[in-house]
**Q** 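Sharing a structure below in structure tokens format, with a few things to ask.
Being a predicted model, the structure only gives us computed values, none of them experimental.
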Amino acid sequence: MISFGPMVRVFVATQPIDFRKGVHGLVALVAEGVGKPYSGDVYVFRSKRSDRLKLLVFDGSGMVLATKWLENGGFAWPPVREGTMPVTGAQLAILIEGLAEWSRVVPRDEDESCLNRLVLLAIASVFV
């Protein structure tokens with residue numbers, strides 16, 4: 001399973017692309033419209049068929065292009081519209097696995113989760 005850290009920014013292109021495009025063509029698409037291709041952000045592209053995706057990311061030393069296609073079924077893509085859709089690293093991992101539930105994963109607010117841990121520690125210390 002491919003995983004990314006919690007701070008990674010991921011953008012899913014909601015419009016299908018010509019899947020014959022390689023690294024240079026996808027870098028040009030990103031530069032023309034959705035972002036900065038050499039920023040370390042992950043860009044996800046979909047094909048006209050719902051069973052294929054490409055990931056484009058700059059890892060600090062070069063561009064990485066990964067392709068995945070499902071043998072059975074298809075990916076659960078967001079509705080086709082203009083632009084991109086930001087998702088979390090956890091949502092991306094679920095999308096890559098071909099699971100439809102990726103859109104149900106709600107990102108946790110780090111400040112809120114830290115506060116919850118502090119509250120739990122305070123409660124636990126009362127009972128000790």
Side-chain angles (χ1 to χ4, degrees):
M1 181 164 148
I2 297 175
S3 64
F4 296 96
M7 300 306 293
V8 71
R9 294 182 347 154
V10 181
F11 300 97
V12 176
T14 56
Q15 290 280 337
I17 63 159
D18 178 359
F19 241 53
R20 295 174 292 182
K21 287 189 184 293
V23 171
H24 300 293
L26 295 175
V27 166
L29 277 177
V30 171
E32 288 172 3
V34 292
K36 299 175 183 172
Y38 298 98
S39 64
D41 296 338
V42 179
Y43 298 95
V44 183
F45 299 94
R46 64 192 283 180
S47 67
K48 291 179 180 147
R49 298 172 54 169
S50 66
D51 65 341
R52 298 165 192 228
L53 65 76
K54 286 188 177 184
L55 299 174
L56 180 72
V57 64
F58 182 72
D59 70 353
S61 64
M63 290 305 259
V64 176
L65 178 62
T67 304
K68 180 170 183 174
W69 61 88
L70 298 176
E71 294 296 325
N72 295 313
F75 294 104
W77 292 105
V80 174
R81 59 180 171 77
E82 290 294 319
T84 61
M85 176 180 177
V87 299
T88 66
Q91 288 173 317
L92 175 62
I94 294 169
L95 172 66
I96 290 172
E97 289 300 316
L99 302 173
E101 293 80 18
W102 70 268
S103 61
R104 294 184 189 168
V105 176
V106 179
R108 287 191 327 187
D109 184 10
E110 287 300 316
D111 294 334
E112 183 179 317
S113 65
C114 288
L115 181 61
N116 288 342
R117 283 190 294 256
L118 288 174
V119 169
L120 289 174
L121 287 173
I123 292 170
S125 66
V126 169
F127 292 107
V128 173

**Q** I want to check something: taking the side chain as every heavy atom from C-beta on, are F19 and R49 in contact at a cut-off of under 4.5 Å?
**A**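 SC-SC contact between F19 and R49 ruled out.
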**Q** Determine the minimum heavy-atom distance between L56 and F45, stating which atoms define it.
**A**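 Nearest heavy atoms, L56 then F45: CB-CE1, 4.0 Å.
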**Q** If we check side-chain contact (heavy atoms from CB on, under 4.5 Å) with F11, which of these qualifies: T84, V42, V87?
**A**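 Checked T84, V42, V87 against F11; only one passes side-chain contact (heavy atoms from CB on, under 4.5 Å): T84.
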**Q** Just by modelled atom types, is the K21 backbone N or O under 3.5 Å from a matching donor or acceptor in the K54 side chain?
**A**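 It does hold such a pair.
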**Q** With rounding to the nearest 0.5 Å, note down the distance linking OH in Y43 to CG in L29.
**A**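 Output value for this atom pair is 12.0 Å.
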**Q** Can you name the nearest heavy-atom pair linking D51 to G73, along with the distance?
**A**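 Scanning both residues, the minimum pair turns out to be CB-O, 3.5 Å.
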**Q** Side-chain heavy atoms nearer than 4.5 Å, only ILVMFWY residues, links allowed to pass through others: does that put L92 and L70 together?
**A**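 Yes.
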**Q** Can you check whether I17 reaches L26 side chain to side chain, under 4.5 Å on heavy atoms?
**A**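 Result yes, sub-4.5 Å side-chain heavy-atom pair found.
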**Q** Treat each ILVMFWY residue as a node, draw an edge where side-chain heavy atoms are under 4.5 Å apart, and state whether L65 and Y38 are in one component.
**A**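 Cluster IDs for L65 and Y38 match.
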**Q** According to a 4.5 Å side-chain heavy-atom criterion applied to Ile, Leu, Val, Met, Phe, Trp and Tyr, with indirect links allowed, do W69 and V64 form part of one hydrophobic cluster?
**A**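 Per the 4.5 Å side-chain linkage, W69 and V64 are not co-clustered.
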**Q** What do you reckon, is CZ of R52 surrounded by more than 12 foreign heavy atoms closer than 6.0 Å?
**A**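 Count over threshold, so yes.
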**Q** Is there a donor-acceptor pair under 3.5 Å between the side chain of R46 and the backbone N or O of A13?
**A**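 Flag not set: sc R46 to bb A13 has no pair under 3.5 Å.
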**Q** Rounded at 0.5 Å granularity, tell me how far NZ in K36 sits from CZ in F58.
**A**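 Here the rounded value is 14.0 Å.
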**Q** Answer whether the closest heavy-atom distance between the side chains of D41 and V30 falls below 4.5 Å.
**A**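 When only atoms from C-beta onward are counted, V30 and D41 do not touch, as no gap falls below 4.5 Å.
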